[in-house]
Structures are given as structure tokens and as C-alpha cells.
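Quick notes on the structure that follows.
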Amino acid sequence: MWVAVSLVLIVGLGFFLGYWGRLQKIGEPGVKIVRRDVHLMPQKIGKNDTLESLKIIATNSVDLPESVLNYRSGELPLQALVYDTLPKDTTFGQRMYQAPDGLRIQNTVVLMGADRTSIHKPEFCLVGSGWQILKSEEVVIPMLRPIRYNLPAMRMTIRQERQVAGKREVIEGVYVFWFVSGDKLTARHRERMWWMARDLITRGELQRWAYVIAFAIGNPGETGQTDALYERLSRFVQASVPEYQLVPAVGSATAALQ
């Protein structure tokens, strides 16, 4: 019974946010936006294809840095399924970073516009992409810039099995994410939804939330390495986030390290 009641409340909240959000002003984002082309990943990549030859689907992007620590990066074009599914006022930032030892970290930011459906519950996308969630836990990443504060995040340990050349192969990874608006941070999807509804009612403002992801996988066939992956992801987040995330701002009363 309680499950049914909860589902009704969630669906009702969704309809309310959709209706009320169309009537209200939209808040400021918690990430930097710049004029930068976003490209669409083709269904088949030809040997002569370059980033510049791909279709441009947007001219604004979240301002992810080109280099972080000793990682170098390149823009990661947007998949057609993502582009076709999400509202067209969604703003993206997506880069693939690679360390000298070959470790790759995908950093993605999905920023909603006036349509709240730009952001979905992360578990849906992972499971839909063939990943099994082994463990989910809330963590805190201590940040030093622009001031000292605790960044709340969700850490998911994930696994995928696939067939390669007729053989079963297992890969494990770590998926870290959080949500940020113009004045708030949270690792919890439900808390983000509650805050959004509250501000619509009390302030007449639709918060412009961003969904931030840092994702890395280990070497195929190697298991039990996820703690080491998480440590490297944490250091990457500490170095990269101050370059594009605006919250917390210097002098914020909520930003003190706890």
C-alpha cells in the first residue's frame, strides 16, 4: 500500500513541477557555460571523420577544462539516443580524459533548461546501458578550492559482463555523481526534487539543476580494483570541479568544511 501511495505522490509531484515550472522564472545554473560547439556522434564512424566534420547540435556547452592534473582530454560527441531523448534546451559538457598510464575518466555534465526532464534518476541510465550496480553509497569529497568545503556525492560500484571473441569478459567501474543548482549541492535525487518543488512554491523560481558525473572503468578481466579507481576519481574531482562549478561561491555561509 505504501509503495502505491509513494508512486502516486511522485507522479503527482512530477505533474505539478511540469505545470508550475512553465509559469515561473528559471534560476541561475551552478556551472559555467561558454560558447563552444557540441557535436553529434555518428552511428558509424568513418576513418576520415574528424570532430570538426561531425554535425553541430549546439553552440553552448558547460565549460569543462581541457587538461586536469596530468590528464589530457578531447571532446566526447553526444550520442544520438541522448540527444533525441532529452529536451532541446538541455546544455551538455562531455570530455574524455586520459592519464599517461592509460586510465580514462569520462566527465559529463547535463544541465537542464526550462524542462526538468533533462535529468533522470541515474540508476535508470546505468541499468539501461547494461551495467549492474553492485554497491551504492553516499560519500564526501573534501574540496580545497575556491574555499574548503565538503562535496556530497554518490559512489556506485558497477560491473558489466560481455562477450569478446566468444569469451566472457568482466569489467568493473566506479561512477560518481552529484547535483548542483545556482545555490545548492546534493547527492540525492529525491532531495533535489524536493528542493525544486519547494522553491517553485516559495520563491516562484525553477532551479536550474545540473547532473555532474565522473566515471572510470578498470582493465577488462581485472576485479577488486574499484577502491583504487575511486581514489583517482576523487583526486580528479578535487582538481577539475573548481574550474567549472560555481557553487559554493567564496563567502558562502553554507560552504564551510565540516
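All residue numbers in this chain count up from 1 along the given sequence.
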Tell me every residue that passes side-chain hydrogen bond (donor to acceptor under 3.5 Å, both in side chains) with [X], counting only those two or more places apart in sequence or in another chain.
X    : result
Q106 : Q94, T108
Q245 : W178
E191 : T186
R72  : none

- Return each pair, listed once, that meets ring-ring contact (aromatic ring centres under 6.0 Å, His included) where at least one residue sits in residues 72-102; pairs must be two or more places apart or across chains. Y97-F236
- Task: Sort and list the pairs that fulfil ring-ring contact (aromatic ring centres under 6.0 Å, His included) and have at least one residue in residues 100-125, not counting sequence neighbours.
- Result: none
- Message: If we ignore hydrogens and angles and just use 3.5 Å, is the side chain of E172 paired with the main-chain N or O of G224 as donor and acceptor?
- Response: yes
- Heavy-atom donor-acceptor pair, E138 side chain to P152 backbone, under 3.5 Å: no
- Sequence neighbours excluded, every pair satisfying side chain to side chain donor-acceptor pair (under 3.5 Å) that has a member inside residues 121-134: none
- Task: Quick one: list whatever passes side-chain contact (heavy atoms from CB on, under 4.5 Å) with T117, sequence neighbours left out.
- Result: P87, D115
- Could you tell me which residues satisfy salt bridge (Lys or Arg N to Asp or Glu O under 4.0 Å) with E75, sequence neighbours excluded, listed by chain and number? none
- Query: Going by the salt bridge (Lys or Arg N to Asp or Glu O under 4.0 Å) test, which pairs reach into residues 82-91, not counting sequence neighbours?
  - Reply: none
- Query: Got a salt bridge between R208 and E28, using NZ or NE/NH1/NH2 to carboxylate O under 4.0 Å?
  - Reply: no
- Please determine if D63 and R95 form a salt bridge, counting it only when a charged side-chain N lies under 4.0 Å from a carboxylate O. no
Report, one line per pair, each donor and acceptor closer than 3.5 Å where one atom sits in a side chain of residues 225-233; sequence neighbours left out.
residue	atom	partner	partner atom	Å
D227	OD1	R155	NH2	2.7
R232	NH1	D101	OD2	2.7
R232	NH2	D101	OD1	3.4
R232	NH2	D101	OD2	3.3

- With a cutoff of under 4.5 Å between side-chain heavy atoms, which Ile, Leu, Val, Met, Phe, Trp and Tyr residues group with M96? L76
